[in-house]
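Structure, as structure tokens:
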Amino acid sequence: MTSAVFGDFLGAGRRHLEAAVAAGEWEVAALPAVVPSVYRLVTVMCVYLEDLAPCDEIEAAGRTDLQAWERAVVDTGAALRIAADCLRHSILDLGPAGPPDGPAPSPARHLDAAANELAAGRDLLHTHITRTPDGLAQERSDWAPVVTSLPVTRALAAEIAAWSVRLALFTTWLAGLATGDASSRLTGQPVVVSARGELASASQWLLAASAALRPAHDADPVRAADADLLEAIPAAVPPARQPLSAAPESIAELCDGITVSASRLRAAAHRARDRARWSPDVTSGAWQWMAQAAAITSHLSELALSSLAERAGQHPALPVTPARLHAAADAMTGMRTAWQHVDLMWNGIITERRLLSTPAMSEASDLLLRMGRLVWDNPQWTPARAGRGPRRDPAALAPGPDAFTAVLAAAHQAADALARVAIADTGTVQAAARAGRLFVPTRSLPTGFDVPRAYAPALTDTVLELRDAYQDAAEASTRAAQHLDELAIEVAASSRALGLARSAALAPARRRGSHGTRPQRPGRPSHPLAGVLFTDSRASTGLPGPVERAIRQRRVRDPVVLLRAAAIDNAARSLIGLADTASPSPKPPAAQTAGHGRDAVLLAAEGFPHDPDLSRPASPSPPGRPSAAPPSDRAHLRKT
Amino acid sequence: MNQIKLAHQHLADASGVPAVLAASWELFELIAAIASASAVECPDMYPAFTFASGAAVNGRNALAFAPSLPPLSRGAAHDPPKPVGEVYQTADALAGLASALSIRLRETAGLAAATADRSACENAASDADRITQLLAKEN
């Protein structure tokens, strides 16, 4: 059984969302129980956008180097946070749900379940990346660069935007159910709000969140492959080992087993790479065994691909030409030759210990045995001469398109896993060389070296030759995997995500804490501004702040510009709140504090219009800009 | 094949722990070289020869930990032998040589006074057994 993938959670979440918004008959009285569930879901969506953003709104406003999607996720996140604020206000106004004398209303249950699935999906993505105490990202698997790639950013942002639109329509409907009476629940604040108005406003901001992605979508559209890749992201926890069965395994079972072993081998190689700085638990014997296993597995894959090529010649309905399969088999030959060279290098090099087995060896062993049993017609095949068997007939190996695709995917999995091993071993072997752990037989040294022992420290030339051999193996293995990437994508093999992932990892998107960005501020809440206390802010009152008011006075109706203005207001107040908390000086009188706050916000408002969008005339939206109606001017808000 | 016969003889003639260790070292190197060279000759024997070569290198490396291993002469290891004859015959010959090597190393382990010599011989004998297991027609 393979690991859970992101698509499992996303699919379940989508089904719950659809069930929630396809509202059946339910009591208006259930509104106080449903709105908190909408809020909770929007909060989870906000957190996703926080993850995707390269910086916060304030930093984004001053940056000119952000790509279309980088800016779009900042804007969408800002709109979602405002929507969440509006929902929070409406919850306050609606008051608590009735006593829990029965099950929660169906929409609430579905929305809660959707939020849970979405949160679980985020947890899955976060298994690939951990944060250091100072907020920097640390990769925990080979999928980490994929999780932070541009294609995954596009797909995730588009997915959240689609959820926003669904929730916007639902929230509009909720607003219609809510009473229009003003509330007095927020006494002591400059305004009071109505649940109806807040829900209507939340709906508008949810639409604005989706609209904020359009400029990026126009510049760099989301591809179908982006969504495929997103859904295929597995958890960083490898699947359970599938021991070889005593009973014969079918072609399909062998191919599934190869996928599991390859996945476990990748995980083991990544762990070994993490430990490269202290690799004394890896020995020359283990490195050489791995090189031999890689050479043999490459050889077996080469034979499997040759059989597929022969089969493709016999069966014209199969989707790949024999020539392309032969080219892939040739790439496997190159991979085998490169690994053989690594193997031969180890004949003359030893570490201070001989052979300790490693977890990667167990996985590579399973992989090799299953690949052998796929190619040779002996269910008990082993590498030993006594365990041989006749070559499996191509028609028996791939009787139809499904088996053909499965065998192709198996060879693809093997090549990809071994390419990762080569990269990991290049690093660990170099660490061993730096630690002075590599020795050579004295007899292999040039004349003139007089060492009274069987082994002497390896010469620099030998170490460099070994490094080059590993780099060649890594390049040859990656080349072979790339050949199969293309074929797997074309035939929609189960391994196609490997190819999509390899290509996505080459297109990184900046995130907080990744290279070239600033870590997330420690004091920043990981949820919307709920709970941050300000005396006069949208977060507490829902009123437009000074920047947003200044923009509105210029009759700008572009929701992207408006939401950025609102986000800046909120962020400025958040910053002032943090500064107040951190300030060691005695607190000034309350009136003076409020004055400081206003000054700082005004300062931010004056300094803000660096953004090119705001320097343009406020008239009609340019082509391709969002067409969604901007949030209203909050006519429903009444001063107390 | 002559090289393998000569190696058998060399091992049989060795007397005393240091001489057996030195002869065994040479034999492991010979097996590694022949197995490597034979691997590409026949697809169905490629895995067996490749792993046999690795086991031979491991066996040789085990002997390096024996304090009684005498200084080794230079040169012979730089001339890998070419595979001669049919691969299955080569496999039979190497399996036979590895079997003899294992027996001799276990005998020597029983004679060695130093613990490190004993354990080096036993480890190397296990690697020789592995070569036999990989290359013999029947297990």
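Chain identifiers are assigned alphabetically (A, B, ...) following the order of the sequence lines, protein sequences preceding nucleic acid strands; residue numbering begins at 1 within each chain. When reading the values below, keep in mind they use all heavy atoms of this one structure, side chains included, and skip hydrogens, waters and symmetry mates.
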- Which region of Ala291(A), side chain (C-beta onward) or backbone (N, CA, C, O), has a non-hydrogen atom less than 4.5 Å from a non-hydrogen atom of chain B, or is it both or neither? neither

- Under a 4.5 Å heavy-atom cut-off, does chain B meet the side chain of Leu368(A), its backbone, both or neither? side chain

- Can you name the closest pair of heavy atoms from Thr50(B) and Gln292(A) and give their distance? O-NE2, 3.4 Å

- Query: Can you say whether Ser36(B) sits under 4.5 Å from chain A via the side chain, the backbone, both, or neither, judging by heavy atoms?
  - Reply: side chain

- Considering only heavy atoms and a distance below 4.5 Å, find which of Arg391(A), Glu302(A), Gln288(A) pairs most often with chain B. Gln288(A)

- What part of Phe65(B) lies closer than 4.5 angstrom to a heavy atom of chain A: side chain, backbone, both or neither? side chain

- Could you walk me through whether Ile296(A) and Phe51(B) pass side chain to side chain contact (heavy atoms under 4.5 Å, CB included), step by step? CA-CA 9 Å; Ile296(A) 293 168; Phe51(B) 277 142; 3.5 Å; yes

- Message: Counting only non-hydrogen atoms closer than 4.5 Å, does Pro70(B) touch chain A with its backbone (N, CA, C, O), its side chain (CB onward), both, or neither?
- Response: neither

- In short, Ala386(A) meets Lys137(B) closest at the heavy-atom pair CB-O, 3.5 Å

- Message: I need the residue from Leu63(B), Asp44(B), Leu135(B) with the largest number of non-hydrogen atom pairs under 4.5 Å to chain A.
- Response: Asp44(B)

- Query: Which residues in residues 329-347 of chain A have any heavy atom lying under 4.5 Å from a heavy atom of chain B?
  - Reply: Arg336(A), Gln340(A), Asp343(A), Leu344(A), Trp346(A), Asn347(A)

- Item | Engaged part of Asp92(B) at the chain A interface, taking heavy atoms whose separation is under 4.5 Å | both

- Message: Side chains of Arg385(A) and Tyr88(B), heavy atoms from C-beta outward: is any pair under 4.5 Å?
- Response: yes

- Query: How long is the span from the CG atom in Asn61(B) to the CD1 atom in Ile349(A), to the nearest 0.5 Å?
  - Reply: 10.5 Å

- Item | Heavy-atom pair with the smallest gap, counting every atom of Trp376(A) and Pro43(B) | CZ2-O, 4.0 Å

- Is chain A contacted by the side chain of Leu69(B), its backbone, both, or neither, given a heavy-atom distance below 4.5 Å? side chain

- Item | Plane angle bin for His299(A) and Tyr46(B) - parallel if under 30°, tilted between 30 and 60°, otherwise perpendicular | tilted

- Message: Quick one, Pro47(B) and Trp381(A) - any side-chain contact, counting heavy atoms below 4.5 Å?
- Response: yes

